[in-house]
Amino acid sequence: MSFNLLSEPIRKYVRDKKWEQLKPIQAAAIERILTTEDNYILASRTASGKTEAAFLPVLSAANFNAPGIKVLYISPLIALINDQFLRVEELCKNLEVPVTKWHGEANKSLKDQLLKDPSGVMLITPESIEAMFVNKPFNVIRLFSGLEFVVIDEIHSFLGTDRGIQLKSLLSRLQTVNRHYFRVIGLSATIGDYELAKTFAGPSRKTTVLLDKTPKEVKVSFRYFSGGTDELPLALLKNLYLETKDNKALIFPNSRGRAEEVAVKLKKISQKVNGHPNYFSHHSSVDRDEREYVEYFAKNNTLHNFCIACTSTLELGIDIGTVDEVVQIDASHSIASLVQRLGRSGRRDGAASTLVLYATGPWSLLQSMACWLLYREGFIEPPAESSKPYDLLAQQALSIVKGTSGIAPDQLIAQLKGNYAFAAIAENEILPIINHLIDTDMLERLGRELIIGVTGEKVVNNKDFYSAFTTEEHFKVVHAGNRIGEIPYTPQVLVDQNIMLAAKIWKIRDIDFKAKKIEVAVAKDGKKPIFLGLPGNVHAKVRQKMLEIIYTGDCYDFLDEASVDELKVIRSDFRAVPIEDPTVQRPLIDTGNKLQLFAFTSTKINNTIALLFHIKGIPSQFNPPTDSFEVVLGYTDFMAQWRSLPETISAIDGYLSAQAETNPEKSEVTKWAFLLPLPLRIAIAKEKVYDIEGTRAFLETVTFLAAQQTEGNQAPFSSMDQLPGKA
DNA sequence: GACCTGCTGCGGTTTG
C-alpha cells in the first residue's frame, strides 16, 4: 500500500483531506519515489493530482532537519507559483516547514529572512535562478548545496525551447554546487517525446516516466462556415453564440486580435437577446488586473455561465475550475496545443470533454481534421530541440564568468563541457566561442583569468540578461487612469480610430509617443487590434495527413453537413491527379504557363525548398494557405531542375553566409545568437528556420504526379483561390 | 498567417 509508505505528518494530511483513495498517478509516484533513488517524469492530464503526486512522497522523504533548502519547485509562470504556494503550504502544515516564494514579484523581506536561516521548500522561476547565479553566487551555495529534490512543473512547456536549454544548464550548474546529487521530479502533460523530457533530469541518475493513460471521453464536432478574409462570418458567430450561451466555455481563435473580435461580437449578440453579460477576452495584451479578475470569475462562480475568448494564456496549469466546453476556431498550430486546450474541458471526474471545431476555409478544415485524427491515433509532435545550442552556451559562459571574480579559461571550458545541457557540443567547439567573446569585448583577459569585458558589462548588467527570449515593445492603453492593456504601435494606431481591447471598444483620444501611452474613451463600434507575429511551424505529419484525407475517401461522423460538402469540393478539385500513395506522391497542376506544386510537408521543409528555388534562380512563389509553390517554368524544364535540387543543398551555407555578411541582424534568429561567430550563427538559423536533412529525405522520396489543366477541368481549385488570408 | 513566459542592484524619494 503506497499510503503506508508516507511519513506520519503526510498521512495525517491525507486523512484530514478525507480522500476516498489516492489517484493512480499519486499511488504510482509514492510507491516509486519512496522505494527507489531514481528521477521521475509524472505524465498525466490536467487536474489529475500531479502536484500532490510529487509532493506527498517528496515531503515524506526530505530531511528537513538538515540546514538549507531541501525541495526546490521550479515553474514557468509567476502566477502558477502563487497558485501552488497555497497548496504546498497546506501540504506542509503538519510538518512545520517554511515554504518561500522566490521570484521577481515576491516579497523581498521574506527572501532576506530566508537567507538568514535557509530551510524548507522554495518556489522559483528559471530566470530567478539565473539572476542568483549571476549576482549572488554565494547565495546559490548557501541555499542549494543541501538540496534533495527538484520538482519541475509543466515541464512540457520547456521542451524544445531555448528557455528549456537554459533551465537544463541551470539544473546542471545546481548539481555541481550540491553536496550529493539531488533527485528530479518533472510534472508533464501528455506529450509526444518522453526521451527529451528525461534529459532535463540529467545523467546522474536513472530517469523513469510514469504515464497515466486513463482515457478521456471527448465529444467532438466540426462545423464549417465559409468566411471572408478579415472578419468572422456572421453565421458562424450566431452559431457560436447559441452553442456557448448556456455553458461555461473557452474559445481559442488562434490570435489576440481575433479573441477580441469574438468576445466583443458575442457580447453584442448576447445584449440584443438579453443573454448573460459574462463575455471576456484573455491574452497577454489584456491588463494583468483584468486577466486576474477573469480568472477569479471563472474559478469562483458556480452559478453563472461565461465565455472567455483567449490565447495560450489559458493553456497552462493555472486553475480556473470547471469548463463545460472548449471551442477551437480554425486549426490550431499544433496537435500538442489542441491537446492542452482540450484538457481544459470536463475537468470533473468522469465528465466527458466537449470540443467544437469551427473552420472558415477548406485548408483550415483539412488541417483541423488532420490534427484531430492524428491525436486519436496517439500522435503528438515531438518538440524539436536545438542539437547544438551554441547561443545559450555563450550566454551561460557570460553568466559563469560574471558569477566569479575571474576564472581561468580552461576552467570555464571544463565547466561548460561538464554541463549536460551542452553535451552535444564538443570541447574543441567551445574554445572558438570563448575566443570570439574575447574578440568582441564581451570577455576580457586579466592576467591568467577571464573577466567580463567593457561591452559585456552592458549585456550582463541588464535585467534582460536573465531570460532566453525576447519581447516586443508595446504602447499602454489607458482609460481615465485605468490600465486596459497594451498594443503594438501599428499604422492602425491613430487619433479617432476605434479599437477593441479587453472585450470592449475604445476610441483613441491621444497618443503619447514619449511615454508610449494611448489614452482612450469608450466607443460603440471598432476594429480588432492588429498584432505583429510570425507564422507558426506545422509538422510534416499534419500536412501529410491532410493529403491522406483528400485521397482516402473516408467518411467521418464528426463533420456537419457543410464540412462534408466542403470536403467533397476539395476532393473533386484534386481528382484530376491520381495519387495512390500519399506518403511519397504529391500533386502538381500544369496550367500551361505555370506549375502549381502542392508539397504537403512541414513549414521548415517548405522554407528550405523556397530557399533552394531562390538559390537556383527558379522563378517561384510560395502560397502559405494552400501550402503550394507556383513555378513559372515548363514542366520538362522544371523536372530537370527539381532532380538537381539535392545538389544545391550544399550551396545553402555559402548563400546564408553571404546574406549574413551584408545583413548581420538577419542571422540573429535567437536572442543570444549575436554573441556567436558568423558560422555558428548560421548553424543556429539553419535549425530554427530550415530543415536540411528533412528536405534531403523529402527530395529523395517524394515524386510529383502531374495533371494537365485543360478546357474540361478549368474549374478545379476554384475554391482554393478564395482562401482567407491569400494575398 | 502565432502564441507565451521573467527581471538585479542601486540610489533616490516618500511614508509611518
Side-chain angles (χ1 to χ4, degrees), chain A residues 74-82 101-106 108 111-112 123-137 139-140 153-164 166-167 170 227 229-230 252-259 281-286 288 291 309-318 328-334 336-338 340-341 360-361 363-364 367 399 402-403 457 459-472 474 488 530-538 603 606-607 622-627 671 723-727:
Chain A
I74 302 173
S75 151
L77 302 177
I78 287 179
L80 193 55
I81 288 182
N82 296 342
K101 289 188 270 189
W102 192 291
H103 55 67
E105 294 168 13
K108 178 95 172 32
K111 292 186 200 170
D112 290 341
L123 287 61
I124 199 166
T125 60
E127 287 74 16
S128 284
I129 302 177
E130 179 79 79
M132 203 188 292
F133 266 115
V134 169
N135 298 307
K136 302 276 182 73
N139 280 349
V140 176
D153 207 350
E154 307 274 5
I155 198 171
H156 55 276
S157 74
F158 293 110
L159 302 182
T161 68
D162 290 344
R163 198 183 187 197
Q166 180 192 21
L167 173 59
L170 295 168
T229 53
D230 195 31
F252 291 93
N254 290 343
S255 72
R256 289 172 283 178
R258 196 138 257 190
S281 73
H282 191 289
H283 52 79
S284 66
S285 292
V286 173
R288 177 115 130 226
R291 278 158 71 181
C310 57
T311 62
S312 48
T313 47
L314 287 184
E315 263 180 40
L316 282 185
I318 298 161
Q328 173 71 45
I329 300 178
D330 284 329
S332 61
H333 293 88
S334 69
S337 173
L338 183 66
Q340 282 287 107
R341 292 169 184 187
T360 62
W363 293 94
S364 168
Q367 190 176 322
S399 168
K402 172 71 184 178
E457 286 287 348
V459 176
V460 299
N461 289 338
N462 191 317
K463 60 178 162 56
D464 219 27
F465 182 66
Y466 313 119
S467 68
F469 49 85
T470 51
T471 40
E472 40 183 344
H474 284 153
I530 298 168
F531 294 96
L532 312 163
L534 293 166
N537 288 333
V538 178
T603 309
N606 280 330
N607 291 344
F622 182 65
N623 295 327
T626 55
D627 189 32
K671 178 166 173 177
L723 293 171
K726 185 172 174 181

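Protein chains get the first letters and strands the later ones, always in sequence-line order, with residue 1 at the start of each.
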Q) Excluding sequence neighbours, so at least two apart, what forms ring-ring contact (aromatic ring centres under 6.0 Å, His included) with A:Phe133? A) none
Q: Under the ring-ring contact (aromatic ring centres under 6.0 Å, His included) rule, collect the residues that match up with A:Phe469, sequence neighbours excluded.
A: none
Partner set under side chain to side chain contact (heavy atoms under 4.5 Å, CB included) for [X], not counting sequence neighbours:
| X | value |
| --- | --- |
| A:Lys136 | A:Met132, A:Phe138, A:Asn139 |
| A:Ala79 | A:Ile318 |
| A:Thr125 | A:Ile78, A:Ile81, A:His103, A:Glu127, A:Ser128 |

Q) Could you write nucleotides 4-16 of chain B as a row of B, S and -, 5' to 3', where a protein heavy atom under 4.0 Å of any base atom gives B, of only sugar-phosphate atoms gives S, and otherwise -? A) SBBBBS-------
